[in-house]
Amino acid sequence: MEGSARFGLWFVYIRWDSDNVVSRIRFVRQGVSGPVPLSLSQYLAGKTTTLSPLSSLHEQDDTVFGRIYREVKTIPYGETRTYKEIAESVGTGARVVGMAMKRNLTPILIPCHRVVSTGGLGGYTPDISIKQDLLNLEERVRKRMGITNSSLHLS
DNA sequence: CGTGGTACGGTTA
DNA sequence: TAACCGTACCACG
């Protein structure tokens with residue numbers, strides 16, 4: 001199944017199967033019509049902090065990238081980690097983490113927007129403003145829920 | 001095959 | 001400041 005949901009000036013395209021395994025998520029200018037999993041539209045609307053029961057097709061690989069994806073998935077909603085912190089957890093270099101994020105086929109589900117650079121935001125494809133918007137959304141929701149988690153940037 | 005280029009970050013001159 | 005370099009992977013000869 002496939003469909004898309006609006007997110008600001010962009011659309012989030014998603015393709016998934018009947019077992020809630022997502023094979024592709026992509027930010028596009030023009031949306032295609034079709035269904036979208038409820039948890040995704042609720043996440044984009046700031047109504048939930050979990051994307052369960054969805055899972056990514058690409059998080060199981062027994063490669064360095066696979067380990068990076070699984071590590072990134074453990075970053076809690078509304079928090080961030082640096083490329084370097086993820087790299088140290090996995091036992092590789094920060095640049096490799098950047099490469100894995102760039103090639104992430106299921107952004108949002110594997111929350112690469114929560115991985116930032118030491119001195120700033122880092123990058124995001126296709127547009128850095130999407131990363132900022134996602135972080136703003138999570139920040140807003142976190143405050144609204146009264147979560148006062150001050151332990152950002154902890155490994 | 002070899003090579004160059006990455007959504008990084010630390011080290012060195 | 002700027003120039004290197006490690007590290008995993010891939011596109012392109």
Side-chain angles (χ1 to χ4, degrees), chain A residues 2-17 21-32 36-37 39-46 48-52 54-143 149-155:
Chain A
E2 61 174 4
S4 56
R6 177 139 227 146
F7 182 69
L9 301 173
W10 296 83
F11 286 89
V12 180
Y13 164 87
I14 181 169
R15 172 159 37 90
W16 79 107
D17 67 20
V21 176
V22 179
S23 55
R24 193 78 170 92
I25 290 180
R26 191 178 352 195
F27 292 94
V28 291
R29 299 272 189 187
Q30 300 277 329
V32 301
V36 158
S39 62
L40 178 65
S41 46
Q42 286 185 330
Y43 168 84
L44 293 173
T48 180
T49 62
T50 173
L51 289 161
S52 157
L54 299 176
S55 70
S56 170
L57 179 63
H58 310 286
E59 62 191 54
Q60 311 296 352
D61 319 354
D62 187 28
T63 60
V64 172
F65 275 29
R67 277 187 284 143
I68 291 171
Y69 291 145
R70 288 191 290 278
E71 184 68 26
V72 169
K73 274 200 68 173
T74 70
I75 306 174
Y77 184 97
E79 293 191 27
T80 62
R81 297 287 185 283
T82 63
Y83 295 98
K84 183 188 168 188
E85 286 171 324
I86 299 297
E88 284 172 351
S89 300
V90 168
T92 182
R95 193 170 192 176
V96 176
V97 175
M99 204 66 248
M101 297 302 95
K102 183 183 179 183
R103 279 204 239 287
N104 179 11
L105 294 176
T106 52
I108 298 180
L109 207 50
I110 294 169
C112 53
H113 59 281
R114 296 178 193 149
V115 184
V116 299
S117 69
T118 300
L121 201 53
Y124 205 83
T125 306
D127 195 308
I128 190 64
S129 69
I130 298 171
K131 188 175 192 173
Q132 187 67 69
D133 290 344
L134 288 170
L135 290 174
N136 288 346
L137 166 69
E138 296 192 1
E139 174 82 5
R140 214 161 55 232
V141 170
R142 207 182 53 160
K143 277 182 183 164
N149 194 342
S150 57
S151 63
L152 300 180
H153 297 279
L154 204 70
S155 57

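Side-chain atoms are counted along with the backbone in the values below, which use heavy atoms only and exclude waters and symmetry mates. A note on names: the letters A, B, ... follow the listed sequences, proteins ahead of strands, and every chain is numbered from 1.
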Discussion item. Counting primed atoms plus P, OP1 and OP2 as sugar-phosphate and everything else as base, spell out the protein contacts along nucleotides 8-13 of chain B at 4.0 Å heavy-atom distance: B, S or - for each nucleotide, 5' to 3'.
Written reply: BSS---
When you compare [N] with [M], how far apart are their [atom1] atoms, in angstrom units rounded to a whole number?
| N | M | atom1 | value |
| --- | --- | --- | --- |
| C:dC5 | B:dT3 | P | 15 Å |
| B:dA7 | C:dC12 | P | 15 Å |
| C:dT7 | B:dT12 | P | 16 Å |
| B:dG10 | C:dC9 | P | 22 Å |

Mind checking side chain to side chain contact (heavy atoms under 4.5 Å, CB included) for [X] and listing every partner two or more places apart, or none if nothing turns up?
| X | answer |
| --- | --- |
| A:Asp17 | A:Asp19, A:Val21 |
| A:Met101 | A:Ile68, A:Tyr69, A:Val72, A:Tyr83, A:Val97, A:Cys112, A:Val115 |
| A:Arg140 | A:Asn136, A:Leu137 |
| A:Thr50 | A:Thr48, A:Ser52 |

Discussion item. Identify the stems formed by DNA chain C, where each pair is Watson-Crick or G-U wobble with both distances under 3.5 angstrom and a stem is at least 3 consecutive pairs.
Written reply: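 DNA chain C stems, ordered by first number: B:1-6 with C:8-13, B:8-13 with C:1-6.
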Fill in: Outermost DNA chain C nucleotides near chain A [under 4.0 Å, heavy atoms]
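Extent of the interface on DNA chain C: C:dG6 to C:dC10.
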Practice prompt. Specify the residue among A:Thr92 and A:Arg103 whose closest nucleotide of DNA chain C lies further upstream toward the 5′ end.
Written response: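 Checking each residue's closest nucleotide, the 5'-ward one belongs to A:Thr92.
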Worksheet item: Hey, are the side chains of A:Asn104 and A:Phe65 touching, using non-hydrogen atoms and a 4.5 Å cut-off?
Response: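 No, too far: nothing below the 4.5 Å cut-off.
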Fill in: salt bridge (Lys or Arg N to Asp or Glu O under 4.0 Å) partners of residues 111-130 of chain A, not counting sequence neighbours, each pair once
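Residue pairs passing salt bridge (Lys or Arg N to Asp or Glu O under 4.0 Å), neighbours aside: A:Arg114-A:Glu138.
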Practice prompt. Scan residues 99-112 of chain A for pairs that pass salt bridge (Lys or Arg N to Asp or Glu O under 4.0 Å), counting only residues two or more places apart or in two chains.
Written response: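 Every pair satisfying salt bridge (Lys or Arg N to Asp or Glu O under 4.0 Å) with a residue in residues 99-112 of chain A: there are none.
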Would you give me the side-chain donor-acceptor pairs under 3.5 Å for residues 116-124 of chain A, sequence neighbours excluded?
unit_1, atom_1, unit_2, atom_2, d
A:Ser117, OG, A:Gly120, N, 3.2
A:Ser117, OG, A:Gly120, O, 3.4
A:Ser117, OG, A:Gly122, N, 3.4

Quiz: residues 22-32 of chain A side-chain donor-acceptor pairs under 3.5 angstrom, not counting sequence neighbours:
unit_1, atom_1, unit_2, atom_2, d
A:Ser23, OG, A:Arg15, O, 3.4
A:Ser23, OG, A:Arg15, NH1, 3.0
A:Arg24, NH1, A:Leu105, O, 3.2

Discussion item. Run the salt bridge (Lys or Arg N to Asp or Glu O under 4.0 Å) test against A:Lys73 and tell me which residues pass, sequence neighbours left out.
Written reply: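 Residues passing salt bridge (Lys or Arg N to Asp or Glu O under 4.0 Å) with A:Lys73: A:Glu59.
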Worksheet item: Is A:Leu9 atom CG crowded by more than 12 heavy atoms from other residues, nucleotides or ligands, each under 6.0 Å away?
Response: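 No, the 6.0 Å shell around CG holds no more than 12 heavy atoms from other groups.
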